[in-house]
Trainee: 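The structure is given below, and queries will be raised subsequently.
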Protein chains: 2
Amino acid sequence: MSREVALTREEREARARVEGLGIDIDAFAAVSNVFRVANAVRNYMERNLLAEYRLSFSGFTVLWVLWVWGPKESNVLAEESGISKSTLTGVVKTLEGLGFAARRPHAADGRRVLVEATEKGMATVREIFPRFNALEGEITRDLSTAEKEELARALRVMLHTVEA
Amino acid sequence: MSREVALTREEREARARVEGLGIDIDAFAAVSNVFRVANAVRNYMERNLLAEYRLSFSGFTVLWVLWVWGPKESNVLAEESGISKSTLTGVVKTLEGLGFAARRPHAADGRRVLVEATEKGMATVREIFPRFNALEGEITRDLSTAEKEELARALRVMLHTVEA
DNA sequence: TTGAAATCGTTCGGTCCCTGACGATAGGAT
DNA sequence: ATCCTATCGTCAGGGACCGAACGATTTCAA
């Protein structure tokens, strides 16, 4: 059922180089292409959309999480954004500088800090997200709906294994 | 043909939040899961394998490219490693510090610089790559061979679209 | 009630990563 | 022979990124 798709030159040459070393080529192809796509799409989004708002990919991700779930403790926000606590500190600092987010002390626990999107931050996500999603559509335009679903499913399986 | 795989809690809640905004859910699911997996696997590799050699993911990537293709001009090396020229300057500097790579002036063109892996660098890749690939196998162990091939194929299609 | 242990967010040091600007070198046209 | 332009790798500046160490606060056991 699989239409032919040419391997890139890099992939062809790499295969030739590792031939006969007992390498699991299918695992190699699957994983390395995940990195290649993630890298390419990340750069694409930053250059063609996010730069306009002076947002990095991480900055947008954090803001998006805040938009979806509302105010969150740093702790949880870092976890859901897929970055470390210490990185989040810096990203939120940048977001504050842009007027997109604010910090608020926790009412009951003096150690904790709540991060929330400002009204400006919320408005910005409302503006960006549909455009972001439109680009996602562009990027996946040569895949059928079934193929997109199957792709997402396979990735969820991997995620489940890695995060176990 | 698609076995059931539970959406993560994050994905379920995010869908609920963006419902009715005319969002292309399939494109959203496909792309966002690429990022989640890339992130998770990158961290996994750095923590469980690369840290042992004091290599970052990028450092390993560059060294691997050198191992596969031999000495390369900075220019081309950056391109194949998926990073910018200026980033490569820093990464190669780190690799030099670790004794894994060396710089050599181009014979005919005074502007160019050739980067090559040292013997120690080559030996290190020979040692790491099979272990790296074994982890790739682990990570994809719950996908059939056909599913891995289909995953790689779908990603190549996206790559072709983004890099066009 | 008080001291030990756990947990919180931040800081620190080091690397990665980008864009934009730069000096150096090369190559082609006059 | 000498400009003009293109291309090379690097540097500067700003932000992202991590693990480890840290002070502040909370919690729990004695």
Side-chain angles (χ1 to χ4, degrees), chain A residues 35 38-40 42-63 71-79 81-98 100-116, chain B residues 35 38-40 42-63 71-79 81-98 100-116:
Chain A
F35 287 121
N39 230 334
R42 186 186 182 103
N43 290 342
Y44 184 81
M45 292 298 192
E46 285 187 339
R47 273 197 270 264
N48 299 324
L49 175 60
L50 270 18
E52 191 178 319
Y53 301 86
R54 299 185 53 196
L55 278 170
S56 67
F57 197 88
S58 290
F60 173 66
T61 301
V62 168
L63 204 51
K72 274 205 167 306
E73 293 171 27
S74 297
N75 198 348
V76 183
L77 183 53
E79 169 72 23
S81 303
I83 58 182
S84 68
K85 285 189 305 167
S86 49
T87 298
L88 182 74
T89 297
V91 172
V92 171
K93 213 171 276 182
T94 301
L95 252 20
E96 280 184 308
L98 294 167
F100 289 149
R103 244 174 264 256
R104 189 154 46 86
H106 191 281
D109 190 333
R111 292 168 304 181
R112 304 183 193 203
V113 172
L114 286 175
V115 182
E116 63 184 345
Chain B
F35 288 120
N39 232 333
R42 186 187 182 101
N43 290 342
Y44 183 81
M45 292 299 193
E46 284 187 341
R47 272 197 271 264
N48 299 317
L49 176 60
L50 269 18
E52 189 179 319
Y53 300 87
R54 300 184 53 195
L55 278 169
S56 66
F57 197 87
S58 289
F60 174 66
T61 301
V62 169
L63 204 51
K72 273 204 167 309
E73 293 171 27
S74 298
N75 196 351
V76 182
L77 183 54
E79 169 72 22
S81 304
I83 59 182
S84 69
K85 283 189 306 166
S86 48
T87 299
L88 182 74
T89 297
V91 173
V92 170
K93 212 171 277 184
T94 302
L95 252 20
E96 280 185 307
L98 293 168
F100 289 150
R103 245 172 262 257
R104 188 153 47 85
H106 191 281
D109 190 333
R111 294 167 304 180
R112 305 184 191 200
V113 172
L114 286 176
V115 181
E116 62 183 346

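Naming: A, B, ... by sequence-line order, numbering from 1 per chain.
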Trainee: Think B:Ser56 has a side-chain N or O under 4.0 angstrom from the OP1 or OP2 of D:dC18?
Mentor: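 Looking at the OP1 and OP2 atoms of D:dC18, neither is under 4.0 Å from any side-chain N or O of B:Ser56.
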Trainee: Would you list the pairs meeting salt bridge (charged side-chain N to carboxylate O under 4.0 Å, His left out) in which at least one residue belongs to residues 86-98 of chain B, sequence neighbours left out?
Mentor: B:Glu96-B:Arg103
Trainee: In whole angstroms, how far is the P atom of D:dG14 from the CG atom of A:Leu95?
Mentor: 19 Å
Trainee: Nearest heavy-atom pair of B:Leu63 and B:Phe100: which atoms, and what distance?
Mentor: CD1-O, 3.5 Å
Trainee: Go through the structure and list residues passing side-chain hydrogen bond (donor to acceptor under 3.5 Å, both in side chains) with A:Arg104, not counting sequence neighbours.
Mentor: A:Glu116
Trainee: What is the distance, rounded to the nearest whole Å, between atom CZ of A:Arg103 and atom P of C:dG9?
Mentor: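 Interatomic distance, CZ of A:Arg103 to P of C:dG9: 10 Å.
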Trainee: Specify the separation, in whole Å, of atom NZ of A:Lys93 and atom P of D:dG14.
Mentor: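 Distance check: A:Lys93 NZ to D:dG14 P gives 15 Å.
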Trainee: Just to verify, what does B:Ser86 make a side-chain hydrogen bond (donor to acceptor under 3.5 Å, both in side chains) with, not counting sequence neighbours?
Mentor: B:Ser84
Trainee: Round to the nearest Å and state the distance from A:Glu46 atom CD to D:dA16 atom C1'.
Mentor: 9 Å
Trainee: Whole angstroms only, please: what is the OH-P distance between A:Tyr44 and C:dC18?
Mentor: 18 Å
Trainee: Using a cut-off of strictly less than 4.0 Å between a heavy atom of the residue and any atom of DNA chain C, enumerate the qualifying residues of residues 82-90 of chain A by number.
Mentor: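 When residues 82-90 of chain A is checked for heavy atoms under 4.0 Å from DNA chain C, the hits, listed by number, are A:Lys85, A:Ser86, A:Thr89.
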Trainee: Roughly how many Å is it from CG in A:Leu50 to P in C:dC18, rounded to a whole number?
Mentor: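 After rounding, the reported distance stands at 15 Å.
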Trainee: The criterion is salt bridge (Lys or Arg N to Asp or Glu O under 4.0 Å); which residues satisfy it with B:Arg111, sequence neighbours excluded?
Mentor: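 Counting only residues at least two positions away or on another chain, B:Arg111 forms a salt bridge (Lys or Arg N to Asp or Glu O under 4.0 Å) with B:Asp109.
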Trainee: Check ring-ring contact (aromatic ring centres under 6.0 Å, His included) between B:Tyr53 and all other residues, then give those that pass, not counting sequence neighbours.
Mentor: none
Trainee: Given atom OH of A:Tyr53 and atom P of D:dG15, what is their separation to the nearest angstrom?
Mentor: 20 Å
Trainee: Grab the CG-P distance between B:Asn75 and C:dA26 for me, whole Å please.
Mentor: 15 Å
Trainee: Where the side chain of B:Ser74 is defined as all heavy atoms beyond and including C-beta, which of C:dG9, D:dG9, C:dC18 is the nearest nucleotide?
Mentor: D:dG9
Trainee: Quick one: ring-ring contact (aromatic ring centres under 6.0 Å, His included) partners of A:Phe35, sequence neighbours excluded?
Mentor: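 Per chain and number, A:Phe35 pairs via ring-ring contact (aromatic ring centres under 6.0 Å, His included) with B:Phe57.
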Trainee: Which sits closer to the 5' end of DNA chain D, B:Asn39 or B:Glu73, going by the nucleotide each is nearest to?
Mentor: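 Mapping each residue to its closest nucleotide by heavy atoms, the 5'-most match is B:Glu73.
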Trainee: Write out a two-atom table: protein N or O, nucleotide N or O from nucleotides 22-27 of chain D, distance below 3.5 Å.
Mentor:
{"from": "D:dT26", "atom 1": "OP1", "to": "A:Gly110", "atom 2": "N", "distance (Å)": "2.7"}

Trainee: What contact category does A:Arg54 fall into here, base, sugar-phosphate, or nothing, at under 4.0 angstrom with non-hydrogen atoms?
Mentor: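 No contact at all - A:Arg54 keeps every heavy atom at 4.0 Å or more from the nucleic acid.
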Trainee: Where do A:Ala101 and A:Val115 come nearest, in terms of heavy atoms and distance?
Mentor: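 Looking at all heavy atoms of both residues, the shortest contact is CB-CG1, 4.5 Å.
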Trainee: Go nucleotide by nucleotide along DNA chain C from the 5' end; which of B:Gly59 and A:Val113 gets its closest nucleotide reached first?
Mentor: A:Val113
Trainee: Identify every side-chain donor-acceptor pair in residues 72-79 of chain B under 3.5 Å, counting partners at least two apart or on other chains, and give the distances.
Mentor:
{"from": "B:Glu73", "atom 1": "OE1", "to": "B:Arg112", "atom 2": "NH1", "distance (Å)": "3.2"}
{"from": "B:Glu73", "atom 1": "OE2", "to": "B:Arg112", "atom 2": "NH1", "distance (Å)": "3.4"}

Trainee: Please tell me if B:Arg112 has a side-chain N or O lying less than 4.0 Å from either OP1 or OP2 of C:dA26.
Mentor: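 No, outside the criterion.
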